[in-house]
Every structure is written in C-alpha cells, then in structure tokens.
Amino acid sequence: MLDIKYIRENLQVVKEGAKNKGVDIDIGRLLEVDKKRREVLQALEDMRAQKNKASKEIPQMKDEKERGKIILKMRELDINSDRLNQELKSSEEEFNSLMAKIPNIPLEGVPVGKDDSENVVLKEVGERTKFDFTPKNYLDIAEKLDIIDVDRAAKISGTRFGFLKGEAALLEVALINLVFENLIKEGFIPIIPPVMLKPEMAWGMGYLEQTNSEEAYHLEADNLYLTATAEQSLGTMHSGEIFDEKDLPRRYLGFSTCFRREAGAYGKDTKGIFRVHQFDKIEMFSYCKPEHSLNEHEFLLEREEKLMQALEIPYHVLKICTGDLGTPAAAKYDIEAWIPSENRYRETHSTSNCTDFQARRLNIRYKDKTGKLNFVHTLNGTAFAIGRILISIIENYQQKDGSIKIPKALQQYFNLKMIKNK
RNA sequence: GGAAGAGUGGCUGAGCGGUUGAAAGCGCGGCUCUCGAAAAGCCGUAGGGGCGAAAGCCCCUCGUGAGUUCAAAUCUCACCUCUUCCGCCA
C-alpha cells in the first residue's frame, strides 16, 4: 500500500509507475473518493466534538430541566450522525479497495518493459557446462536412478506432484544444511514457520489481489491460506510491531513447504518437478531501515550468488523489468541456472525489495533515535528452492553413464560422491 | 470439540457508566548534582487521522467488530488470541 499523501503529491510518479507495471488504476476516482471521504469525516468529527462537549457538561448540571433539554438535543444529533456514518463507511470502503489496487512504484534504474521478455541480463557467471555426449533431461536421469517419482505422485495426488526418493531426499537435506550453515554465520535467524495464514495476513503481503484466490490454496473450513513461500509468514510475523532501530536489519532464514495452485500455468512445464503444487524452499527475509534497503537488496543477491557458486552451477542474473515486477516489489533480481538439456537458463532464485509497501499494510515500524516511528523496508530472496536446484544439479552434474556427480560443497553432508544405478 | 478465566501505553499493572487517553512502578529521553559514573532529584515520554503556512484546534483508538446509553476501558452480543482443566492426538 502506498501513502495517500504521497499519491496526492506525486500523481505523475504514481501514474507512471502503475503504467510501467502494466496495472490499470483509476487514480481520478481515487482522488474523488478521497476528497469525499475527508469531507464526510470532517462533518462527522464536528458533530462528535459537539457531543463530547455536551457529555462533559451534563454531569455538572444541577438543573434537571436544562439537563433533560440537552440530552434530548443530543439524541437528535445521533440520528444525523447515523447517516454520516453510513456515508463515511461506503466512501471508505471504496477508497480502500482503490488504494489496494495501486502497486508499489518501481525504483529508479528498474528497466521499463512490458513482460519477462524485456528483463535485462546483468551478468553470466560460470562456464556453461560442456558435455562430450548429448545431455539428457533431468527427469529421464532421475527416473532411471529412481530418485524422482512423478508417476506414483500422480496416482496419489494428481499432476504437478513428485516423490523425492533415496539420494534426492538426501540431497534436499544436504542443501538445507549448506544454506543454514552458511547463512546463520551471516546473522540470519533460522526459522521454521507455519504454512497456513489468516486472510488478512495473506492480504498484507500484497499477493492476494494480484493472484486472487486463483494462486493460493484456501482451506474453506478454517478460512486459512496455505503459504506459497516462507516470505508470507516471515513478513507477517512482525505485523503491528515496532522495532528498535538498533535491531535492524533483522534477517531471517525460513525453511518451509510452499503450496501453489499454478492455476494460470496450464500447459507450462507440465512434466516433472519444475513447476509443482508443493515444494520445499529456504527463503531469506530482511527488515531494514529505508536508507539501507538498496544495499540490503544487493546483500541478498550476493548471498544467492555465493550459494550458486558453492554448487558450481553456471547461472546468470536478471534485472527484472517493470512489467514483470509484481504488485509489492519496487525492484527485483532473478537468478537463472543453466539447464543443458534445454540449452537455456531457467529461474531458480528471485529477490525483491518491497520498500515500505508491505510494511504499511502490516503496520511494521521502527523507532529511530529521536523516538520517531517510521515504516521499515522489507526484502526477500530465495536461498534455495529445492526442486529447481535439484534439477540444476542433476542436469549440470550428469555423466555419460547416467550417473550424477554430487557437488563438492554437498559431499560432506552425506558421504557420497556419486549417485549411480543400483 | 467441551468447561472456566483473561486480553489496558515500550513493559508490569490500577481503574469496572460521567472532567480517565487512562493511577502507580519499570523502561526510555533531557536536565541538576559529579572530575566522570552510579545513586538521588526535577522535567518529559502512546499511536493514528482531519483542518491549518505555522502555532494550534479537533476526532478516533484500553484485543477486533457490532450494540445499549445524552455519555462506555467500564454494560450486552459475536469474533480473535492467550491461560487452565477435560477429551483427542504426532
């Protein structure tokens, strides 16, 4: 959510930002409703002031007659205030729903573009893996080795699910260990969060109206949403709270299962575990002071790159353009890993600076030295999305005989150098 | 799921229909004292919103939302959260 004062004073910036994000907003209507809302509010407040004044006088009045007269007068006032209350409520409702549609403004330097085709490659890191044979698709390799089973998953759960078996399951544990070991050293607090959220919390993260109920799993009986990423529980965990300035930045590292309906992805990546309804992910989340969020974003990107470098997987970094940013983000980088069988890079990481957009909705602030309260900035970034990292490992570490080498950085965690056919 | 109790400012906690946005203590900030610190003393210290150039004036908020009343932290209802007990359970 943006600040209405900011919107009033920076109309052009807001319009331009929404346009570049490809979001339709009716800012004229918003300003109208805002004006109406303030007028009604003023009238209502005047009336309340009158009543408050009378309420203070009444207990002092000795004269029963005078007293009765004022009480009658106040009763009459009430009838009017009911009408004003209704008016205020309806303009406030419209105001809120219009406000909720206004996306965060892209930061300076974010490339303007309509969709993911206009994202900008910042750099390529690592040599694209070379083979002296034709590299196979990860699923073929994994199924031969019997470490990923999507057929049986389909039998019990439907499409877009998978079993990780044997060494694949062990690899997940190793990846978790690698991340926790390295990032806890950097001051991240390890977290295993709830994966169900109340509606108002899901709303607060700014993804609900964008994807609507389409993307999130909703548990009807309990009115809870399954989280699509730990970002949602890490970001809401401090809602309504006030940080001490000295406690910022606060960095969390959350491991959780993620649930996605993938409702808009019919026909996309239907095979295998690249795009599934359920996967595990380790997510970084930072709360920081506004003046530090640009640096913090670079910091998160660096952590992501370090992890990819530890696995020695070739990747490139994208600066995401305005049209591909999403509602809450003001800036975003993606990392895509090299996938030999497809001869292209595919997304494994994403890190966003949401500035104060989420903090405003969730009312997360910090107290500065002078005692003043300000909204924090929130940022998130993938450490590892297990399924996709597994894919990039299998693809890049495959051998001619169908076995998979295990990245050196992971070997220490389960005393195995190769995954071979049994 | 059943029963009982509770939710007040950064924290502890008083208030249980009327000058109470809220006592007291702690904490925090400033000042005095001190070579400095501690102790002591004095003063200050909730958030949000509207109007205004500002000073300031006003409104809202005692878990949330409705209601009763001229008037609600205080009464009623619903919901949320927590605690204890019973049931179930990894």
Side-chain angles (χ1 to χ4, degrees), chain A residues 1-9 30-100 192-204 218-225 233 236-248 250 256-257 287 356-376:
Chain A
M1 182 162 57
L2 296 183
D3 182 1
I4 182 63
K5 280 189 203 146
Y6 178 87
I7 296 176
R8 277 186 221 132
E9 284 158 21
L30 175 72
L31 292 179
E32 248 170 66
V33 177
D34 176 42
K35 197 167 162 232
K36 173 84 196 295
R37 170 191 141 250
R38 278 145 72 205
E39 279 165 10
V40 178
L41 189 65
Q42 198 59 59
L44 194 65
E45 282 186 1
D46 285 348
M47 193 169 283
R48 281 178 183 154
Q50 257 187 79
K51 285 192 70 173
N52 285 345
K53 208 169 145 240
S55 291
K56 274 180 192 163
E57 287 164 4
I58 287 171
Q60 247 101 287
M61 300 176 83
K62 295 272 158 7
D63 184 348
E64 278 303 316
K65 250 193 187 159
E66 275 297 304
R67 207 174 143 123
K69 243 164 97 185
I70 291 224
I71 288 177
L72 265 169
K73 211 173 136 202
M74 289 304 112
R75 268 191 207 146
E76 269 166 47
L77 259 184
D78 264 349
I79 300 164
N80 269 318
S81 83
D82 280 351
R83 206 200 71 236
L84 283 174
N85 257 321
Q86 276 309 319
E87 265 179 64
L88 182 68
K89 216 176 140 190
S90 76
S91 35
E92 217 132 60
E93 261 164 35
E94 188 179 357
F95 176 75
N96 288 336
S97 90
L98 287 167
M99 279 296 278
I192 295 176
V195 293
M196 297 177 203
L197 272 192
K198 294 184 189 176
E200 62 267 32
M201 292 298 154
W203 175 87
H218 181 239
L219 304 176
E220 205 69 55
D222 300 284
N223 197 18
L224 291 168
Y225 286 92
S233 36
T236 51
M237 90 192 260
H238 287 293
S239 64
E241 295 184 22
I242 296 166
F243 284 100
D244 258 355
E245 189 176 21
K246 65 174 180 350
D247 294 329
L248 298 176
R250 178 70 71 86
S256 86
T257 301
Y287 296 89
D356 59 358
F357 189 83
Q358 295 171 327
R360 259 174 213 290
R361 293 178 166 221
L362 295 165
N363 198 24
I364 307 174
R365 294 169 295 175
Y366 75 96
K367 199 176 226 160
D368 67 21
K369 284 185 205 87
T370 66
K372 209 170 117 37
L373 296 177
N374 304 292
F375 288 107
V376 299

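Residue numbers start from 1 in every chain, and the chains themselves are labelled A, B, ... in the order their sequence lines are given, proteins ahead of strands. Keep in mind the model is a prediction, meaning the values are calculated, not measured.
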Worksheet item: Quantified in whole Å, what is the C1' atom distance between nucleotide B/G27 and nucleotide B/G9?
Response: 12 Å
Worksheet item: Any salt bridge between A/K5 and A/D3, counting N to O under 4.0 Å?
Response: no
Item to complete: Let me know the distance between CG of A/L373 and C1' of B/U45, rounded to the nearest Å.
Response: 12 Å
Item to complete: For residues A/M99 and A/L2, report the shortest heavy-atom separation together with the two atoms involved.
Response: CE-O, 3.1 Å
Item to complete: Mark up nucleotides 56-61 of chain B, 5' to 3', with B wherever a protein heavy atom is under 4.0 angstrom from a base atom, S wherever such an atom reaches only the sugar-phosphate, and - elsewhere.
Response: --BBS-
Worksheet item: Within the pair A/R365 and B/G48, is there a side-chain N or O less than 4.0 Å away from OP1 or OP2?
Response: yes
Worksheet item: When we call it a touch if two heavy atoms are under 4.0 Å apart, what does A/D244 touch: a base, just sugar-phosphate, or nothing?
Response: nothing
Discussion item. Less than 4.5 Å apart, side chain to side chain, heavy atoms only: is that true for A/I242 and A/Y366?
Written reply: no
Practice prompt. Give the rounded distance in Å between these two atoms: CG of A/L224 and C1' of B/C80.
Written response: 12 Å
Worksheet entry | Whole-Å P distance, B/U8 and B/C75 | 15 Å
Worksheet item: Under a 3.5 Å cut-off for both distances, is B/A14 Watson-Crick or wobble paired, and to whom?
Response: none
Item to complete: Begin with the C-alpha distance, continue with both residues' side-chain angles, and end with the deciding distance and a verdict on side-chain contact (heavy atoms from CB on, under 4.5 Å) for A/I364 and A/F375.
Response: CA-CA 6 Å; A/I364 307 174; A/F375 288 107; 5.9 Å; no
Item to complete: Rounded to whole angstrom, note down the C1' distance from B/C11 over to B/U19.
Response: 29 Å
Worksheet item: What is the distance, rounded to the nearest whole Å, between atom CZ of A/F243 and atom C1' of B/C11?
Response: 18 Å
Item to complete: Pick the P atom in B/A72 and in B/G63, then give their distance to the nearest Å.
Response: 15 Å
Worksheet item: Which part of the nucleic acid, if any, lies within contact of A/I58, taking any heavy atom under 4.0 Å across all strands shown: a base, the sugar-phosphate backbone alone, or nothing?
Response: base
Discussion item. Please enumerate all residues that pass salt bridge (Lys or Arg N to Asp or Glu O under 4.0 Å) together with A/E94, with sequence neighbours excluded.
Written reply: A/R29
Discussion item. With a cut-off of less than 4.0 Å, is there a side-chain N or O of A/K51 near OP1 or OP2 of B/A71?
Written reply: yes
Discussion item. When the P atoms of B/G21 and B/C62 are compared, how many Å lie between them, rounded to an integer?
Written reply: 11 Å
Discussion item. I'd like to check A/K198 versus A/N223 (side-chain heavy atoms, cut-off strictly below 4.5 Å). Are they in contact?
Written reply: no
Worksheet item: What distance, rounded to whole Å, do you find between the two P atoms, one in B/C57 and one in B/U69?
Response: 33 Å
Worksheet item: Is there a Watson-Crick or G-U wobble partner for B/A90 with both distances under 3.5 Å, and if so, which one is it?
Response: none
Discussion item. I'd like the P distance from B/C28 over to B/G67, given in whole Å.
Written reply: 43 Å
Worksheet item: Given that both distances must come in under 3.5 Å, which nucleotide forms a Watson-Crick or G-U wobble pair with B/G41?
Response: B/C31
Worksheet, complete the sentence: Per nearest nucleotide of RNA chain B, the residue lying toward the 5' end, A/L72 or A/I4, is A/I4
Worksheet item: How long is the line joining CD of A/E245 and C1' of B/G10, in whole Å?
Response: 16 Å
Practice prompt. Please measure how far the C1' atom in B/C79 lies from the corresponding atom in B/G30, and state the result in whole Å.
Written response: 45 Å
Discussion item. Between A/R75 and A/D78, does any side-chain N to carboxylate O distance fall below 4.0 Å?
Written reply: no
Practice prompt. Using a heavy-atom cut-off of under 4.0 Å over every strand shown, decide if A/L77 touches base, sugar-phosphate, or nothing.
Written response: nothing
Discussion item. Within the 4.0 Å heavy-atom criterion, would you say A/R37 contacts the bases, only the backbone, or no part of the nucleic acid?
Written reply: nothing
Item to complete: Would you mind classifying the nucleic acid contact of A/K367 as base, sugar-phosphate or nothing, using non-hydrogen atoms under 4.0 angstrom?
Response: nothing
Worksheet item: What is the distance from CD of A/E66 to C1' of B/C70, rounded to the nearest Å?
Response: 14 Å
Response to the item:
Heavy atoms of A/R361 and A/A100 approach each other most closely as NH2-O, 3.4 Å
Worksheet item: Between A/F243 and A/Y287, how do the two ring planes meet: parallel, tilted or perpendicular, split at 30° and 60°?
Response: tilted
Worksheet item: Which base sits across from B/C77 as a Watson-Crick or G-U pair, both distances under 3.5 Å?
Response: B/G65
Item to complete: Under a 3.5 Å limit for both distances, which nucleotide forms a Watson-Crick or G-U wobble pair with B/A22, could you say?
Response: none
Practice prompt. Starting from P on B/A71, measure out to CD on A/E76 and report it in whole angstrom.
Written response: 13 Å
Practice prompt. Taking only the side-chain heavy atoms of A/R67 (C-beta and beyond), determine which of B/G49, B/G47, B/G18 contains the nearest atom.
Written response: B/G18
Item to complete: Please determine if A/K36 and A/E32 form a salt bridge, counting it only when a charged side-chain N lies under 4.0 Å from a carboxylate O.
Response: no
Worksheet item: Which value, rounded to the nearest 0.5 Å, describes the distance between A/L362 atom CG and A/H238 atom NE2?
Response: 11.5 Å
Practice prompt. Starting at CG of A/L197, measure out to NE2 of A/H218 and round the result to the nearest 0.5 Å.
Written response: 11.0 Å
Discussion item. Looking only at the side chain of A/K198 (C-beta and beyond, no hydrogens), which of the listed nucleotides B/C80, B/C70, B/G18 gets closest?
Written reply: B/C80
Worksheet, complete the sentence: Across every strand shown, the nucleotide meeting Watson-Crick or G-U wobble geometry with B/U83 (both distances under 3.5 Å) is B/A4
Practice prompt. Take the protein atom CE of A/M1 and the nucleotide atom P of B/G49, then report the distance between them rounded to whole Å.
Written response: 10 Å
Fill in: Under-4.0 Å side-chain N/O to phosphate OP1/OP2 contact, A/R75 with B/U69
no
Might you list the N or O atoms of the protein lying below 3.5 Å from N or O atoms in nucleotides 63-68 of chain B, with each pair's distance?
none

Practice prompt. Send over the distance from A/Y366 OH to B/G47 P, rounded to a whole Å.
Written response: 15 Å
